[in-house]
Every structure is written in C-alpha cells, then in structure tokens.
Asker: 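First the structure, then my questions, so here it is.
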Number of protein chains: 2
Amino acid sequence: MSDIAGYRPLYRQVHDIIVRKVVQGVWKPGEALPSEQALARELGVSQGTVRKVLDALTAENLLERRQGKGTFIAEHTQERALFRFFRMARPGGERLTPTRGKGVVKIRAARAAEQAKLDLTRGDRVVEIDRIRLIDGRPAIRELIILPAAHFPGIEKRSPLPNTLYSLYQTEYRINIVSAQEELSAVAATARDEADLGVAAGTPILLIDRLAVSLQDLKVEWRVSRARSDDLVYAVTLT
Amino acid sequence: MSDIAGYRPLYRQVHDIIVRKVVQGVWKPGEALPSEQALARELGVSQGTVRKVLDALTAENLLERRQGKGTFIAEHTQERALFRFFRMARPGGERLTPTRGKGVVKIRAARAAEQAKLDLTRGDRVVEIDRIRLIDGRPAIRELIILPAAHFPGIEKRSPLPNTLYSLYQTEYRINIVSAQEELSAVAATARDEADLGVAAGTPILLIDRLAVSLQDLKVEWRVSRARSDDLVYAVTLT
DNA sequence: GAGTGGTCTAGACCACGCA
DNA sequence: GCGTGGTCTAGACCACTCT
C-alpha cells in the first residue's frame with residue numbers, strides 16, 4: 001500500500017480516529033472505552049493493532065488501562081494534574097501541594113503579546129486569572145493566567161476557581177492539556193512581589209513562563225508564575 | 001506460571017538480560033546488536049517478544065533502530081547529549097550550544113554533603129571539575145561537577161575535557177547517563193559570580209542542582225551550575 | 001464464570017539500505 | 001536480492017476484577 005500521497009500505517013489511522021473521538025467527547029473523562037475486541041471489530045482491524053494504539057495513548061497519558069476492568073479516559077484529578085505539571089518542591093525532593101489564595105478573574109481585550117503567544121487575532125478577548133497560591137498556608141506563588149475567552153465561556157462566573165484548573169478545562173470545556181513548555185529565569189522581587197509573596201524587594205525569585213497545549217494542539221493557556229525561591233525549588237527529571 | 005516469588009514476564013527477563021549486556025560492554029556505543037531473529041533464537045523466545053523489548057529500550061533512549069540497517073547502542077554524541085540534558089536557551093525557545101571555557105580538575109576527599117549525595121562512605125575520593133561554559137563567546141555558566149573518583153580513574157589526566165562529558169563517561173568509562181534530577185532556584189550573584197559570569201553582584205541568577213543517574217542505577221555525578229539569567233532561560237517541556 | 005487487559009507465539013508481507 | 005526492522009494478523013493462554 002504505497003500511495004502517491006505517502007503511506008500511513010493502519011495504527012496511525014486508528015490512533016487519529018480514537019484521538020478525534022476523545023476530542024469530540026464521545027467518551028467522557030473517567031469513562032471506559034469499548035474493549036479491544038469491540039474496537040477492533042468496529043474499526044475492521046485486528047486486536048493487536050488496537051492494542052498497539054491503546055498502549056501508545058496510555059504512554060501519552062491520555063488513557064489508563066486496568067487489567068480485568070477496561071481502558072479509561074485519563075482524568076486530570078487533583079493529585080495527578082498537580083504532580084504532573086506543578087513542579088515546585090522542597091529542596092531534597094519532597095513534593096508539595098499548594099492551596100488556593102485570593103484570586104481575581106477578568107475578561108478583556110487581548111494585548112499584543114498575548115495575541116502572539118496564543119495565536120489570537122486583533123479584537124479577540126482573553127480571560128485573565130490573577131491568583132496567589134499558598135504552601136503551608138504561606139503565600140508562595142503568584143500566577144497570571146491568560147486564556148482565549150472564546151474557548152472558556154462563562155469561566156468568570158465559576159468563582160471560586162478550583163485549585164487544579166486543568167481538571168476544570170477537561171470536564172467543563174472538553175480541553176485536555178497534554179503538554180506544556182516552560183521557560184525559567186531568575187528575577188529580582190518587585191514591590192508587588194513583596195506584598196504578594198512576603199519576600200523583600202530585590203530578593204531573587206523564580207519566573208516561570210508556561211505555554212500549555214491541548215490535545216487538539218491548540219495553544220490554550222499562557223501562565224506566568226512568580227515563585228518564592230527561599231525554601232522552594234523547581235524540580236524536574238530529565239530522561 | 002504464578003510462583004510464590006511473583007511472576008516475572010518473559011519480556012522483563014529479556015529486558016534485563018539486554019541491559020546487563022550493555023552495562024558489561026558486550027556491545028560498544030554505536031555498534032549494532034544482533035538482529036531480532038538472532039536474539040530471539042539465542043534467548044529462546046519469539047521474535048515478537050524481542051521486538052517488544054527493543055522498542056521499549058529505544059523509547060528509553062538506550063538503543064536506536066534504523067529500518068533496513070539494524071539496532072544500535074545509542075551514543076551520547078555532541079548534539080544529542082547537549083539537547084537532551086543541556087536546557088539553557090534564549091527566551092522564545094532557540095536552543096544554544098555552549099563552548100568550553102577555562103576549567104580545573106582536582107582529586108580530593110569527599111566532603112560530607114558529597115558523600116550523602118553520591119552514596120559514598122568516609123574516605124572515598126571524588127573528582128572535582130570546576131569549569132566555565134561560554135555562549136556566543138561570553139561566560140554564561142559556571143559548573144562545579146563532583147564524580148566518585150573510583151569510577152573515573154585517570155580522568156584528571158584527560159585535560160582538556162570535552163564539552164560533552166557524558167560522551168566521555170560512556171565511551172571511556174562505560175557509564176551511561178540515563179536520567180538526571182534537577183532542582184532550580186534563584187539566588188543573588190556573588191562577587192565570585194561577578195568575576196566568572198560578568199554580572200553585577202546581587203543580580204539574580206539561576207542555580208541548578210543536578211544528580212545524574214547511570215544505567216546501572218548508580219548516582220554518578222553531582223553538578224551544581226550557576227547560570228546567567230539576563231538573556232538566557234532554562235527551557236523544559238512537561239508532558 | 002464471564003469479561004477485561006496482559007503475555008507470548010508464529011507467520012505473512014512491506015519498506016528500507018546496501019551491495 | 002538479501003537482510004534488516006516495521007506492520008499486521010490470528011490465536012492461545014494467563015492474570016485480574018467483578019458478580
């Protein structure tokens with residue numbers, strides 16, 4: 001099967017079909033997919049081919065398989081989403097769970113930098129979430145989050161927002177965050193940081209610039225975090 | 001086959017056998033392994049089982065497969081090793097290649113912190129590499145690297161050291177770095193940093209603390225880097 | 001016991017690299 | 001044209017979960 005347009009393996013086609021169905025919400029987060037046998041019959045391929053695809057999607061964190069039970073759409077639950085994308089920890093490696101501090105949600109026109117980052121055009125509107133996150137009850141991170149308003153209708157009325165936004169995106173807006181690019185730098189705390197985080201102005205803090213991408217490959221969230229670095233570190237494993 | 005000791009799938013056993021052979025240096029970096037058929041015959045399993053293992057080891061960056069040619073031990077080449085573990089970039093994402101600045105290599109007794117980090121015991125010796133790395137000809141990063149001397153005999157005589165140490169570890173000492181845990185924080189530049197990196201004392205810089213682990217699962221390198229953050233960022237993709 | 005995913009096998013055929 | 005990995009199939013049996 002070597003077409004002019006190039007050859008596309010069966011398992012790739014099956015992969016795309018299943019991803020498309022997840023995007024369309026055919027199965028909801030936490031729900032089970034049909035069994036391998038059923039999918040194979042339905043798609044007219046062998047069970048082995050379906051298995052290869054389901055295994056790959058599991059490796060991509062999109063599905064979860066449980067022997068004896070079935071294959072499920074992975075959920076961005078509290079702990080899972082947190083440990084996957086929230087990288088702040090104590091020096092030495094102990095992972096931390098932030099709690100919610102005060103926050104403000106606004107809707108406004110996108111600025112030039114935001115248009116560029118999120119592939120928006122003039123006149124598009126964005127949601128701005130400005131919030132503080134606490135660790136052990138003490139302010140630790142200030143986050144400024146920008147979302148394309150078109151994809152998140154009514155989000156400004158959902159106050160108070162949950163601690164794990166990605167779970168909200170997934171269940172309420174059918175947007176699965178699958179990867180995020182982060183850029184870190186060190187900056188001096190401003191007077192504003194002093195008020196927000198309780199560190200003296202001029203103290204070095206971490207600036208984390210994140211662009212989160214959805215399963216549909218859309219740039220869905222731009223998040224700039226300012227994190228205290230006195231007793232916190234950004235922890236990541238390179239493989 | 002449900003033993004008391006627990007059941008160990010065939011493909012796991014095959015996985016371990018092949019990893020062991022790589023550790024022992026049965027095949028050198030860049031060399032080809034026997035074909036799937038040959039391995040299957042040799043190990044007394046089916047080709048499908050061998051394939052499953054080789055695919056997994058490829059995903060772990062230990063092997064490389066090339067259709068029509070064979071399966072090869074992955075090499076820590078200049079560009080590969082650099083892009084895998086060197087995360088400094090320009091804001092916006094452009095990856096950078098550092099060049100070698102001045103460096104000093106010493107051998108001395110391990111300090112308490114080093115013993116703890118590298119699982120050493122009293123009296124063990126370490127190699128200390130202290131070097132500057134340049135970006136666009138300008139000092140950008142100062143690295144302090146600690147290795148257990150026992151694993152790197154004669155490394156102090158190899159001056160000048162190559163830019164990519166992991167390639168040296170792999171080819172000369174049969175030590176494959178497969179993962180690294182990094183912890184980042186923001187600190188103020190010291191007078192020493194001012195001299196090394198050309199930033200004013202007090203300027204925020206990135207402090208990167210890395211523990212690198214080998215295929216044998218040994219803690220093999222402790223590296224503390226101090227990086228200018230004025231026109232450089234630490235870039236990472238979370239998935 | 002029925003149904004699910006997990007392991008393992010055997011074999012056919014395709015795509016690629018090279019001599 | 002041969003040898004390599006890449007795709008795809010069909011089927012057997014095992015391990016786990018639930019009823």
Side-chain angles (χ1 to χ4, degrees), chain A residues 1-19 21-22 26-28 30-75, chain B residues 1-19 21-22 26-28 30-75:
Chain A
M1 201 184 293
S2 64
D3 293 357
I4 306 166
Y7 163 65
R8 210 169 161 60
L10 246 189
Y11 74 89
R12 284 232 151 278
Q13 302 173 37
V14 171
H15 177 106
D16 294 351
I17 290 171
I18 293 182
V19 166
K21 289 198 178 192
V22 173
V26 174
W27 310 296
K28 309 248 168 305
E31 275 184 17
L33 271 63
S35 71
E36 294 179 354
Q37 292 285 4
L39 281 170
R41 231 180 302 118
E42 186 184 319
L43 299 170
V45 301
S46 78
Q47 187 188 358
T49 299
V50 170
R51 162 174 294 277
K52 176 165 182 157
V53 172
L54 297 183
D55 283 346
L57 291 170
T58 301
E60 294 169 30
N61 296 306
L62 185 61
L63 301 178
E64 270 178 53
R65 317 197 73 188
R66 290 178 226 146
Q67 190 174 38
K69 301 192 69 175
T71 302
F72 302 81
I73 307 284
E75 285 183 282
Chain B
M1 199 184 292
S2 66
D3 292 355
I4 306 166
Y7 162 65
R8 207 167 164 61
L10 246 188
Y11 74 89
R12 285 232 150 278
Q13 303 173 36
V14 172
H15 178 106
D16 293 352
I17 290 171
I18 293 180
V19 167
K21 290 197 180 193
V22 174
V26 174
W27 309 295
K28 309 247 168 305
E31 276 185 14
L33 273 64
S35 73
E36 294 180 353
Q37 292 286 3
L39 282 170
R41 232 180 303 117
E42 186 184 319
L43 300 169
V45 301
S46 78
Q47 188 188 359
T49 299
V50 171
R51 164 174 292 277
K52 177 165 181 158
V53 172
L54 297 184
D55 283 346
L57 291 171
T58 301
E60 295 170 30
N61 295 307
L62 185 61
L63 301 178
E64 269 177 55
R65 317 198 71 187
R66 292 178 226 147
Q67 190 174 44
K69 300 192 69 175
T71 302
F72 303 81
I73 307 285
E75 285 183 282

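Side chains are part of it too, since the values below use all heavy atoms of this structure and drop only hydrogens, waters and symmetry mates. Numbers restart at 1 for each chain; the letters A, B, ... are given by sequence-line order, proteins then strands.
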Asker: Could you list the residues that satisfy side chain to side chain contact (heavy atoms under 4.5 Å, CB included) with B:Tyr11, not counting sequence neighbours?
Answerer: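 In terms of side chain to side chain contact (heavy atoms under 4.5 Å, CB included), with neighbours along the sequence ignored, B:Tyr11 is linked to B:Pro9, B:Thr49, B:Lys52, B:Val53.
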
Asker: Restricting to side chain to side chain contact (heavy atoms under 4.5 Å, CB included), what partner residues turn up for A:Asn61, sequence neighbours left out?
Answerer: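 Applying side chain to side chain contact (heavy atoms under 4.5 Å, CB included) to A:Asn61 gives A:Arg84.
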
Asker: How does protein reach along nucleotides 5-13 of chain C, written 5' to 3' as B (base within reach of a heavy atom under 4.0 Å), S (only sugar-phosphate), or - (no contact)?
Answerer: BBBSB----

Asker: For B:Glu42, enumerate each residue passing the side-chain hydrogen bond (donor to acceptor under 3.5 Å, both in side chains) test, keeping only those at least two apart in sequence or located in another chain.
Answerer: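 Residues passing side-chain hydrogen bond (donor to acceptor under 3.5 Å, both in side chains) with B:Glu42: B:Lys21.
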
Asker: Using whole Å, what does the distance between atom C1' of nucleotide C:dG3 and atom CZ of A:Phe72 come to?
Answerer: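 From A:Phe72 CZ to C:dG3 C1': 12 Å.
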
Asker: Mind checking side chain to side chain contact (heavy atoms under 4.5 Å, CB included) for A:Ser35 and listing every partner two or more places apart, or none if nothing turns up?
Answerer: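 A:Gln37, A:Ala38.
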
Asker: Write down the distance between CD (A:Glu64) and P (D:dC16), rounded to a whole number of angstrom.
Answerer: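 About 18 Å, once rounded to whole Å.
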
Asker: Once you round it to whole Å, what is the distance between P of D:dT4 and CG of B:Leu39?
Answerer: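 Spelled out: CG on B:Leu39 to P on D:dT4 is 11 Å.
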
Asker: Taking side chain to side chain contact (heavy atoms under 4.5 Å, CB included) as the test, write out the residues that go with B:Arg51, two or more places apart.
Answerer: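 B:Arg51: side chain to side chain contact (heavy atoms under 4.5 Å, CB included) contacts with B:Glu36, B:Asp55, B:Arg65.
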
